[in-house]
Amino acid sequence: MDLRGRHVISIADFSREEILHILRSAAEMELGRPAEPLAGRLMATLFFEPSTRTRLSFEAAMLKLGGRVMGFSDPGSSSAKKGESLADTIRMIERYADVIVMRHPRDGAARLAAEVSRVPVINGGDGSNQHPTQTFLDLYTISRIFPQLVEGGLTVGFAGDLRYGRTVHSLISALCHFGGRIKLVAPRGLELPPQYEQEARAHGLHIETVPTLQAAIDACDVLYMTRLQEERFPDPLEFDHIKASYRITASMLSSAKPSMRILHPLPRVNEIAADVDDTVHAHYFTQAANGIPVRQAILGLVLGAV
Amino acid sequence: MDLRGRHVISIADFSREEILHILRSAAEMELGRPAEPLAGRLMATLFFEPSTRTRLSFEAAMLKLGGRVMGFSDPGSSSAKKGESLADTIRMIERYADVIVMRHPRDGAARLAAEVSRVPVINGGDGSNQHPTQTFLDLYTISRIFPQLVEGGLTVGFAGDLRYGRTVHSLISALCHFGGRIKLVAPRGLELPPQYEQEARAHGLHIETVPTLQAAIDACDVLYMTRLQEERFPDPLEFDHIKASYRITASMLSSAKPSMRILHPLPRVNEIAADVDDTVHAHYFTQAANGIPVRQAILGLVLGAV
Amino acid sequence: MDLRGRHVISIADFSREEILHILRSAAEMELGRPAEPLAGRLMATLFFEPSTRTRLSFEAAMLKLGGRVMGFSDPGSSSAKKGESLADTIRMIERYADVIVMRHPRDGAARLAAEVSRVPVINGGDGSNQHPTQTFLDLYTISRIFPQLVEGGLTVGFAGDLRYGRTVHSLISALCHFGGRIKLVAPRGLELPPQYEQEARAHGLHIETVPTLQAAIDACDVLYMTRLQEERFPDPLEFDHIKASYRITASMLSSAKPSMRILHPLPRVNEIAADVDDTVHAHYFTQAANGIPVRQAILGLVLGAV
């Protein structure tokens, strides 16, 4: 399967077979390769919005494959503030670099960049829209623990802000390739938008809302936790109240399946108590670490080097 | 010709023969070299003022030659705000790096840095003063399209802010080495300072002002367009009016020579309409791309490695 | 001696033998090594507070040893502002990088990071607390000029802000391993905290306060000068007055020992006049340059590669 030259803008652009190919390639990367397949290649990281985790994991991935990195981590140092259009910035950078990793506050910015760029553009998050490499690493993380993912044998729970959480939307869309059961639990007003529920049903998944976080913990193989953001709540008191009921503590895990694993796109604030970190269920730091082999695989594949 | 150890502060520091040597070296760089002549060498990028384009093209140039890069892209992260003098900062960095690329908001800062540094200092722009590598890439771009540049056979037009545009001043000075004809068109109050006109005449160039942008388009082999900056105009209404008459659109190009090429130091804002991009006359993105081989040549030459 | 995997948090964590081992390793680094012992290793620079000098000298050290570098230079681009705890940030980065260099405005932050990290953490300064690699480079600088340091044969003076200057405190603690004589001179209110004086006496050093900067200059082999910071003085007039009496000029050096050397952690502002730079006594830029071999030694040692 040849992904050379492909842009990586939305998880929806990838077929089941392509997703599985990327996950297999990530597994090979994780074994470690002494060679440097991207020696002499140059990656530009254009972060029109800061994101330490995404940027550093792309940079680590590129550097570990022998490639080189340049870019900016902050809109303040870009030409955008002189009034340059994004299209013009991309037309310049595509002549300097072999691949562009871009994060932008505006929905659709990555797609626009891909349309003008002759080198692959990898979307590192565009507004509330897409962050496909996060979804690849979520899938990779799940498939490493539960190979039965691809046969639709899993129950995956989603908790927290399901309305605005783009990682949730993308992962649910991706799970449509594989089947299985989905459990949802969200505060009133932050429920999953109906189109994602419809999409899942249309693909034969069993999807339902459960009443409490505890119910999700008890039912799932994988629980995908997200952060509640205070700015989504008009009333600070309401936020404090809701926050308390969307917080996992170690004592809540006694009735979970022993094999259950908690994921979180990070950063977490209060929604997972520190005492969870020491349980067998905590898997979010391993998930973050999986960003490296997954991004190595994507970089290697779009550059035609692995 | 040995340029090892040379500072690159002003285009005026270079003879005709040296300029031609650098352009030839850039052409060799553009052919691509498998070797890494700057392996083990370290470039420091000291950007006391942000400039994405200049910084990234220097970094790409260094990395493509096998060198390594460190530095800052923003005055906020420099020691200058603790009150350290520029001379002291340079005395530190020259002990860490093999070559220094510096951009500074103050006129003359690069010359000062060169006076205290034992490693080559390359001026990436100092205030309104000089930006010599831009001029080298402008010359390189013109010479690649029109080899007759060096025999003085070209008509080069300059349009827009000719008073404050340092790239215009430097390129006119550099053209004095080669001869030819120059056409100028600028809003009232933003005309070319008389000393540049005198310098051109003293070197035997034919230089004259034309009444309209259209007249410049029709007369030139190369049209060098620049950005008008609102802050130069006391009256916003006047700016809007002038801006409209300093804007190239595709329809204005029908009477241009077929071989005419438009350059622009970028970023452009409104002064070149997007429909120009698809004409044969648009050459500004290729010009930007030429920043890489030109800066490769300069880095290689001052480090004595090519 | 095996320092593989060691965190470098405080100079107090190192024995006399370990310090000497690091200084010997730095001397080997300074000879230059053609090999790249850290090829394939990745250093993360986490600067929650900007520090150009420290960051660039670590980066230069890593790059010169063939390693690679990524990170942030500024808290603005870190996840900390999304509310992520330092511990979580470290748990992520330790999975991306082989060694972490960290600077943080909070006392004790580096120790906390070391407690959660499985890769070595090197403290690049935590608040007013510790900056151990500065102390190693200070010791290295002194030992290169005066090998008799290790036999306690030196008189070292400290001038300026001895109360808040963490480089002063750490160097005095380190000198306790070697013996010798210490002379102190500080403005009223900025004297050395008594515990450091007691520590020095307990280790058999002769330590005393001298009345004037001139007295310190005349008595010492090494004079360690520090910057007075205006914000330490309630009264700006008092600051101006004190500043004038804590300023070394070339004419004050005529009665110094010919072999006397002035050190300064830099940046200096007014406390060392520019005319001192041209005297044989000025040694602060060489001191800054020694940051490279010392940090190369530390990186090589904690990574088990030299």
Side-chain angles (χ1 to χ4, degrees), chain A residues 30 32-36 39 43 45 47-77 103 227-231 264-272 274 277 282 284-293 295-296, chain C residues 36 38-50 52 55 58-59 62-63 65-104 112-113 115-119 121 299 303:
Chain A
E30 204 174 345
R33 322 180 134 234
E36 302 203 324
M43 177 178 88
T45 49
F47 278 63
F48 294 93
E49 175 181 79
S51 174
T52 309
R53 191 179 321 276
T54 301
R55 182 172 63 82
L56 294 188
S57 74
F58 267 112
E59 294 190 5
M62 187 71 184
L63 293 169
K64 280 173 192 284
L65 294 176
R68 287 149 184 174
V69 173
M70 63 175 193
F72 53 88
S73 57
D74 194 328
S77 19
R103 188 182 188 100
R227 189 159 53 108
L228 292 178
Q229 294 179 274
E230 185 161 5
E231 57 270 33
H264 189 300
L266 302 182
R268 62 142 167 207
V269 184
N270 288 305
E271 58 278 9
I272 302 178
D277 296 358
Y284 24 92
F285 293 119
T286 301
Q287 177 191 10
N290 284 338
I292 305 291
R295 289 177 173 120
Q296 285 181 304
Chain C
E36 302 204 324
L38 299 187
R41 306 298 187 93
L42 188 50
M43 177 178 89
T45 48
L46 310 186
F47 278 63
F48 294 94
E49 176 180 77
T52 308
R55 182 171 62 83
F58 267 112
E59 293 190 6
M62 188 69 184
L63 293 170
L65 293 175
R68 285 149 186 175
V69 173
M70 63 175 192
F72 53 86
S73 56
D74 194 329
S77 20
S78 87
S79 286
K81 62 171 197 177
K82 292 186 192 165
E84 183 169 63
S85 72
L86 176 60
D88 275 13
T89 301
I90 297 297
R91 285 185 188 105
M92 164 184 75
I93 297 291
E94 63 153 1
R95 287 165 165 90
Y96 294 179
D98 300 299
V99 59
I100 295 172
V101 176
M102 178 178 142
R103 188 182 189 100
H104 201 284
L112 171 63
E115 280 165 7
V116 300
S117 175
R118 292 169 301 190
V119 304
V121 172
L299 287 166
L303 288 170

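Residue numbers begin at 1 in each chain, while the letters A, B, ... track the order of the sequences. The figures that follow rest on heavy atoms only: side chains count, while hydrogens, waters and symmetry mates do not.
Proximity to chain C is limited to the side chain of A:Asp277, based on heavy atoms less than 4.5 angstrom apart. For A:Arg68, no part lies under 4.5 angstrom from a heavy atom of chain C. Heavy atoms of A:Leu56 lying under 4.5 Å from chain C belong to its backbone as well as its side chain.
Listed options C:Ala97, C:Gly71, C:Gly40 were ranked by heavy-atom pairs under 4.5 angstrom with chain A; first place goes to C:Gly71.
Note: C:His104 and C:Phe48 have tilted aromatic rings, judged against thresholds of 30 and 60 degrees for the angle between ring planes.
For the pair C:Arg103 and C:Phe47, the cation does not sit on the ring face, since its NZ or CZ is not both under 6.0 Å from the ring centre and inside 45° of the axis.
The ring-ring contact (aromatic ring centres under 6.0 Å, His included) check on A:His264 picks up nothing, with sequence neighbours excluded.
A distance-only check finds a donor-acceptor pair linking the side chain of C:Glu94 to the backbone of C:Arg118 [under 3.5 Å].
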